[in-house]
Number of protein chains: 2
Amino acid sequence: MSYANDMPETSERRTGGAGDGNELDMAAVNALRTAVMRLSRRLKHQRVDESLSPTEMSVLGTLARCGSATPGELARKEHVQPPSMTRIVAMLEAKGLVRLEPHPDDRRQKTVTQTERAESMLAASREKRNAWLAELAGRLDDDEWERLRAAAPVLEKLAHS
Amino acid sequence: MSYANDMPETSERRTGGAGDGNELDMAAVNALRTAVMRLSRRLKHQRVDESLSPTEMSVLGTLARCGSATPGELARKEHVQPPSMTRIVAMLEAKGLVRLEPHPDDRRQKTVTQTERAESMLAASREKRNAWLAELAGRLDDDEWERLRAAAPVLEKLAHS
DNA sequence: GTAACTCATTACCTGAGCTAAAGAAAAGCC
DNA sequence: GGCTTTTCTTTAGCTCAGGTAATGAGTTAC
């Protein structure tokens with residue numbers, strides 16, 4: 001079945017700038033919200049390493065992208081409070097996935113960098129996600145999958161903004 | 001910037017059925033996963049009523065769609081264990097958003113139906129989401145928004161499957 | 001050189017999910 | 001018809017990831 005065609009194409013949205021969302025947008029946002037909440041709950045069960053929380057995974061992903069960062073930077077990027085990030089980083093360090101070093105310029109701060117173990121752990125994670133993807137792919141047709149792929153970067157942007 | 005065009009269009013995915021995801025799929029799934037997790041964290045702060053958790057909201061949404069249901073059905077639909085749903089339903093009842101009645105055919109079960117208050121609460125929620133949408137719309141161009149709208153039903157299907 | 005600010009941390013709390021076990025009702029089986 | 005087994009909900013107790021408030025160390029500004 002076709003989804004977007006259930007509603008008029010690229011309709012009268014945002015005619016005067018932000019703030020005048022119409023009913024169609026609301027429906028989409030509604031669907032998005034529900035789906036994201038439920039999906040996130042499912043994803044919680046998709047851990048590679050049982051002892052690695054989704055946010056810990058996310059932090060490793062961020063580190064893989066950005067190289068190294070201070071706890072404060074990570075907290076801001078993950079939209080988490082500093083104390084939470086302290087504990088997350090401590091966990092990761094205890095598991096040998098991350099290394100904490102004194103900051104070169106500022107002795108209050110620390111720099112967090114991922115270890116080689118984190119590298120291979122992320123690879124293992126990719127494997128596990130692969131299995132999830134296979135299961136997922138079986139339930140989507142090509143069109144659906146294409147939509148998902150097209151939207152993924154937008155979701156990322158949204159989540160990051 | 002264009003997103004999907006960073007990668008070959010509608011590429012060599014799923015040539016032999018499920019299970020052979022390629023690197024492009026993995027990148028998309030990776031992005032999807034991270035984005036969903038982060039977005040869900042943001043969404044937690046978007047509550048209408050401070051004392052209403054995302055899952056409680058989701059249950060009300062389900063009830064609005066399906067009419068009434070038993071706790072067990074709700075638990076299955078929300079992918080939550082029965083004891084959790086018991087507490088959620090109890091919360092909702094305490095807040096007057098839901099009514100519990102004996103099941104007509106089976107005295108073990110109960111039927112959960114939403115009240116008029118829930119109706120107006122959901123309306124208020126829609127208002128709040130409207131504000132969020134406006135903020136959101138300001139950061140996306142039309143193409144990005146269109147991708148999101150197209151993908152929303154697929155995400156829903158995924159979360160529901 | 002001291003006051004104010006910032007980063008990380010510690011201590012404690014909350015909230016939302018889980019499992020295990022119990023209680024009530026229904027269904028199946030002599 | 002009475003017994004066992006199964007199913008639905010609930011209770012009790014636990015865990016874990018997050019948050020706030022307060023502390024300590026280091027830096028910046030005056």
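No hydrogens, no waters, no symmetry mates; every other heavy atom, side chains included, goes into these values. Convention: sequence-line order gives letters A, B, ...; per-chain numbering from 1. Computed from a predicted structure; not experimentally measured.
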Subject >> Side-chain heavy atoms of I88(A) within contact of E78(A), under 4.5 Å >> reply: no
Original post:
Only one of M121(A), E93(A), R99(A) forms a side chain to side chain contact (heavy atoms under 4.5 Å, CB included) with T115(A), so which one is it?
Top reply: R99(A)
Subject >> Any T86(B) side-chain nitrogen or oxygen under 4.0 Å from OP1 or OP2 of dT10(D) >> reply: yes
Original post:
For A64(A) and L122(A), which heavy atoms make the closest approach, and how far apart are they?
Top reply: CB-CD1, 4.2 Å
**OP:** Go through dT9(D), dA16(C), dG19(D) for me and flag the one nearest to the T55(B) side chain.
**Re:** dA16(C)
Original post:
Can you check the E56(A) CD to dG18(D) C1' distance for me, whole Å?
Top reply: 12 Å
Original post:
Are K110(A) and E101(A) within salt-bridge range, i.e. N to O under 4.0 Å?
Top reply: no
Subject >> Heavy-atom pair of closest approach, residues L60(A) and A118(A) >> reply: CD2-CB, 4.1 Å
**OP:** Return the value, rounded to whole Å, for the distance between atom CE of M85(A) and atom C1' of dG19(D).
**Re:** 14 Å
Original post:
How many Å lie between CD on Q109(B) and P on dT10(D), as a whole number?
Top reply: 11 Å
Subject >> Value in whole Å for how far the P atom of dT9(C) lies from CD of E93(A) >> reply: 9 Å
Subject >> Any S84(B) side-chain N or O less than 4.0 Å from OP1/OP2 of dA16(C) >> reply: no
Original post:
Taking for each residue the nucleotide of DNA chain D with the nearest heavy atom, is it R108(A) or P83(B) whose nucleotide lies nearer the 5' end?
Top reply: P83(B)
Original post:
For residues 63-78 of chain B, which residues have at least one heavy atom under 4.0 Å from DNA chain D?
Top reply: T70(B), P71(B), G72(B)
**OP:** Could you check how far CG of L100(A) sits from P of dC7(C), rounded to whole Å?
**Re:** 17 Å
Original post:
For the base of dG19(D), is there a side-chain donor-acceptor partner from R87(A) under 3.5 Å away?
Top reply: yes
**OP:** Measure from CG on L52(B) to P on dA16(C) and round the result to the nearest Å.
**Re:** 9 Å
**OP:** Please figure out whether D106(A) or I88(A) has its closest DNA chain D nucleotide nearer the 5' end.
**Re:** I88(A)
Original post:
Can you check the Q81(B) CD to dA12(D) C1' distance for me, whole Å?
Top reply: 16 Å
Subject >> L140(A) side, atom CG; K157(B) side, atom NZ - distance, nearest 0.5 Å >> reply: 5.5 Å
Subject >> Shortest non-hydrogen contact between M85(A) and P71(A), atoms and distance >> reply: CG-O, 3.4 Å
Subject >> Nearest-Å distance for atom pair CD/P, residues E101(A) and dC7(C) >> reply: 20 Å
